Structures are given as structure tokens and as C-alpha cells.
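It should be emphasised that the depicted structure is a prediction, and the values quoted were computed from it without experimental measurement. Reminder, nothing fancy here: chain letters follow the sequence lines and each chain counts from 1. As a basis for the values below, the full set of heavy atoms in this structure was taken, side chains included, without hydrogen atoms, waters or symmetry mates.
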Number of protein chains: 2
Amino acid sequence: MLSKKTKYGLKALSYLASQDNRLPVQIAEIAKHENISQKFLESILLTLRKSGLLGSKKGKGGGYYLIKDPEDILMTDVMRILEGPIALVPCVSLNFYEQCEDCPDEATCAVHKLMLQVRDSALTVYRNNTLADIIK
Amino acid sequence: MLSKKTKYGLKALSYLASQDNRLPVQIAEIAKHENISQKFLESILLTLRKSGLLGSKKGKGGGYYLIKDPEDILMTDVMRILEGPIALVPCVSLNFYEQCEDCPDEATCAVHKLMLQVRDSALTVYRNNTLADIIK
DNA sequence: TGCATACTCTATTAAATCGATAGGGTAAAA
DNA sequence: TTTTACCCTATCGATTTAATAGAGTATGCA
């Protein structure tokens, strides 16, 4: 299941991408428009800023804004930042690989075999979608 | 992330499918072979039996066995029984649909648009894999 | 300079979920 | 009638999730 963090983060990014200009947008405005708890959204936007997707400006007229064009923001990056690994099990993860303690052999593991396909299919979707694509 | 319940359930099904015959296999044997907590596995096998994938036999010589051929057991069914919805958000779920309270319009929702694609790609994988496929 | 604005950061918490465990109950076979 | 092995309920600790509170800090502007 998709976490609310990811859901809200995607909605916030979409809202920013659909602005006419790149002027900073206040947290309060995003929260209100997307029906998100403002405080919770704060922490999400902070995460997105630290990961380089958003910029921020303090003080009057401040807020958050996109650093890159929506066309250049890949869903693979967004998902990994907000949701973490795209793979459903660590043993098929590209960026967060971990061996299973209980599994004697990945090559013959049925779970591994299935989850590898699921990961690839999800990756294909995320790689083929930018922020611009999903707000159209 | 895939729950251990699903992971263990898949492993147990794989183990049963790879048997030479259809004689009942004891929980203890499956648990030992697949490195699973026996008590936890008990509840998982019970779920699989209630959903019609497994049969069971009590008493001496008892255990669990596959009811259908591995070729006829689709991963879509297994995943829905063990893991629940395949969709990452209820608003794109075929079997567990629910409307989002916070979302004013699904048609224009970016999250909806993206997750619809993810669901379809996962469904394709699960529909194209039977239990027989993943133990090969 | 001083004030208002709005982001920054830490800590806390309630609720839900997960994975595992305990223990007695019951059906079936020998 | 005894043993075997599945059946079922209850509970529990740990973790994660979603949300909240509140103090801190940088910026713009008068």
C-alpha cells in the first residue's frame, strides 16, 4: 500500500508543477488545496527539498518551488525518495539490495523469481512517467 | 513491501508444488525446510485452505496438500489471498475499490493516473505467472 | 532596527500493523 | 483409546505510520 507520505508528496509536487510560474508557494496554500494536514506536509516538503527536488525560500513571500522542469522529474526518483525501495523484497532491489537470511538460494527461490518481474514492471512504469506526464 | 505472510505462503505453496506426489505434507516439514516459524506458518496455511487453494488432512499421516495443479494456480489469486489488494491505492483497485475522501476528482488526480499504470503492470505479471511457472 | 512571515527542526504520541508465540481444542488414524 | 497433527483464539512486543506541538531561525520590509 502506498503511504500517505508518498501520496501527499506526489500531490504537492503536482500542485507546484501546475502553477503558472515558479514563484514560491506557501505550505499553507498547498495543504489547503490538497486537503493535507499542514504540519505533516511540512515534513514531506522538507524531505523533498533535502533530496534536491524542491527549493525553498523563507520569510515573507516565501514557500516551496520546483527546481527542475516537470518534464525532467522522473517518478523513479520521486518514489525512491518518498516511498523508499521500489522492489517489494530487498533481495530484488537495485538501490537497496539485501540478502534474505532465510533463503538458501536466490537462483531457485520462487518468491525471488516472481518479485523480480514485479519490480521490473513497476520500474518500467516509473521510468516512463515524469511529473509532467501525470498532471496532464 | 511484501509481508512475511505472503512470502512464507508463497514458499509453502512452492514447496508443496515441487513434491513428487500429492500426499499431505506436515506443517513441521514445510516450516523446517523453508525456515519459517511453525506457528506462524500454521495460520498462513489455514488461510490458504479456507480460500480453497489447499486441502488438509488431520491425524497421523495428515498435513496440507495442493487441491489444484500448479499450472492452474494463478498468482493474482495467491497475492489477493495473502497480501490483499494488488493496487497500491484503493481508488485504483479492481477487487477492493474505495473512493479517496481527500481527492475531489479521480479523473484529474495525478496519483490516480500513476497508480493505475502501476496496478496494470503488476496485474499483467501476476496473470502471466502460475505456481508452476515460478518453481521452474 | 524591529516586526511579521514562513520555513526548519526535534520531540512526542495515538493508533495500527506485523510477526511471532502460547495453549488448549478437535478430528482422524492406528 | 491413544497418538498424531491440524484448528482456533488470544495475546504480546516491536515497529511503523500519521499526525501534532512547539520552539527556533532566516528573510523581507517598513
Original post:
Taking all non-hydrogen atoms of both residues, which atom of Ile135(A) and which atom of Ala17(A) are closest, and how far apart?
Top reply: CD1-CB, 3.9 Å
Original post:
With side chains defined as the heavy atoms from C-beta onward, is the minimum distance between Lys7(A) and Met115(B) less than 4.5 Å?
Top reply: no
**OP:** Starting from the C-alpha separation in whole Å, work towards a yes-or-no answer on side-chain contact (heavy atoms from CB on, under 4.5 Å) for Leu48(B) and Leu82(B).
**Re:** CA-CA 8 Å; Leu48(B) 291 171; Leu82(B) 292 170; 3.9 Å; yes
Dump every N/O contact between nucleotides 10-12 of chain C and the protein below 3.5 Å, one line per pair.
none

**OP:** Determine whether Leu2(B) and Val118(A) make a side-chain contact, defined as any pair of heavy atoms from C-beta on separated by less than 4.5 Å.
**Re:** no
Original post:
Could you state the NZ-P distance from Lys4(B) to dT21(C), rounded to the nearest angstrom?
Top reply: 11 Å
Original post:
Atom CZ of Phe40(B) and atom C1' of dA14(D): how far apart are they, to the nearest Å?
Top reply: 14 Å
Subject >> Shortest non-hydrogen contact between Cys103(A) and Lys11(B), atoms and distance >> reply: CB-NZ, 3.6 Å
Original post:
Between residues 12-35 of chain A and DNA chain C, which residues have a heavy-atom gap below 4.0 Å?
Top reply: Val25(A), Gln26(A), Ile27(A)
Using atom names, set out every protein N or O paired with an N or O of nucleotides 23-30 of chain D below 3.5 Å, distance rounded to 0.1 Å.
{"unit_1": "dA26(D)", "atom_1": "O4'", "unit_2": "Lys58(A)", "atom_2": "NZ", "d": "3.2"}

**OP:** First locate atom CG of Leu114(A), then atom CZ of Arg119(A), and finally report the distance between them rounded to the nearest 0.5 Å.
**Re:** 12.5 Å
Original post:
Rounded to the nearest 0.5 Å, what separation is found between the OG1 atom of Thr130(A) and the CG atom of Leu74(A)?
Top reply: 7.0 Å
**OP:** Using atom CG of Leu45(A) as one end and atom P of dA6(C) as the other, report the distance to the nearest whole Å.
**Re:** 15 Å
**OP:** Report the nucleotide, chosen from dC7(C), dC8(D), dA18(D), that has the shortest atom-to-atom distance to any side-chain atom of Ser3(A).
**Re:** dA18(D)
Original post:
Hey, are the side chains of Val78(B) and Leu131(B) touching, using non-hydrogen atoms and a 4.5 Å cut-off?
Top reply: no
Subject >> Gap between atoms CD and P, on Gln38(A) and dG22(D) respectively (whole Å) >> reply: 15 Å
Original post:
Among residues 85-92 of chain A, which residues get a heavy atom nearer than 4.0 Å to DNA chain C?
Top reply: none
Original post:
Could you state the interatomic distance from CG (Leu16(A)) to CG (Leu45(A)), rounded to the nearest 0.5 Å?
Top reply: 7.5 Å
Original post:
Going hydrophobic residue to hydrophobic residue with side-chain gaps under 4.5 angstrom, can you get from Met79(B) over to Val92(A)?
Top reply: yes
**OP:** May I have the distance from Arg49(B) (atom CZ) to dA5(D) (atom C1'), rounded to whole angstrom?
**Re:** 13 Å
**OP:** Only pairs at least two apart or in different chains count here, so list each side-chain hydrogen bond (donor to acceptor under 3.5 Å, both in side chains) that has a residue in residues 62-76 of chain B.
**Re:** Arg22(B)-Asp69(B)
Original post:
How many Å lie between CE on Met1(B) and C1' on dG19(C), as a whole number?
Top reply: 15 Å
Subject >> Glu29(A) side chain near Tyr15(A) side chain, heavy-atom distance below 4.5 Å >> reply: yes
Subject >> Check against side-chain contact (heavy atoms from CB on, under 4.5 Å), Leu66(A) and Leu13(A) >> reply: CA-CA 8 Å; Leu66(A) 289 180; Leu13(A) 287 172; 3.9 Å; yes
**OP:** Output yes when at least one side-chain N/O atom of Tyr8(B) is less than 4.0 Å from OP1 or OP2 of dA20(C), else no.
**Re:** yes
**OP:** Using a 4.5 Å cut-off on heavy atoms from C-beta on, say whether the side chain of His112(B) contacts that of Val89(B).
**Re:** no
Original post:
Reckon Ser56(A) has a side-chain N or O less than 4.0 Å from the OP1 or OP2 of dT8(C)?
Top reply: yes
**OP:** Calculate the interatomic distance between Leu41(B) atom CG and dC7(D) atom C1'; express it in whole Å.
**Re:** 14 Å
**OP:** Using atom CG of Leu82(B) as one end and atom C1' of dG19(C) as the other, report the distance to the nearest whole Å.
**Re:** 15 Å
**OP:** Please check if any side-chain donor atom of Glu83(A) sits under 3.5 Å from a side-chain acceptor atom of Ser3(A), or the reverse.
**Re:** yes
Subject >> Helix axis bend for the helix from dT1(C)-dA30(D) to dA30(C)-dT1(D) - C1'-based end axes, five pairs, 10° rounding >> reply: 10°
Original post:
From Ile86(A) CD1 over to Phe96(A) CZ, what is the distance, rounded to the nearest 0.5 angstrom?
Top reply: 8.5 Å
Subject >> Phosphate OP1/OP2 of dG19(C) contacted by Ser37(B) side-chain N/O (<4.0 Å) >> reply: no
Original post:
Would you say Met1(A) and Pro90(B) make side-chain contact, with heavy atoms under 4.5 Å?
Top reply: yes
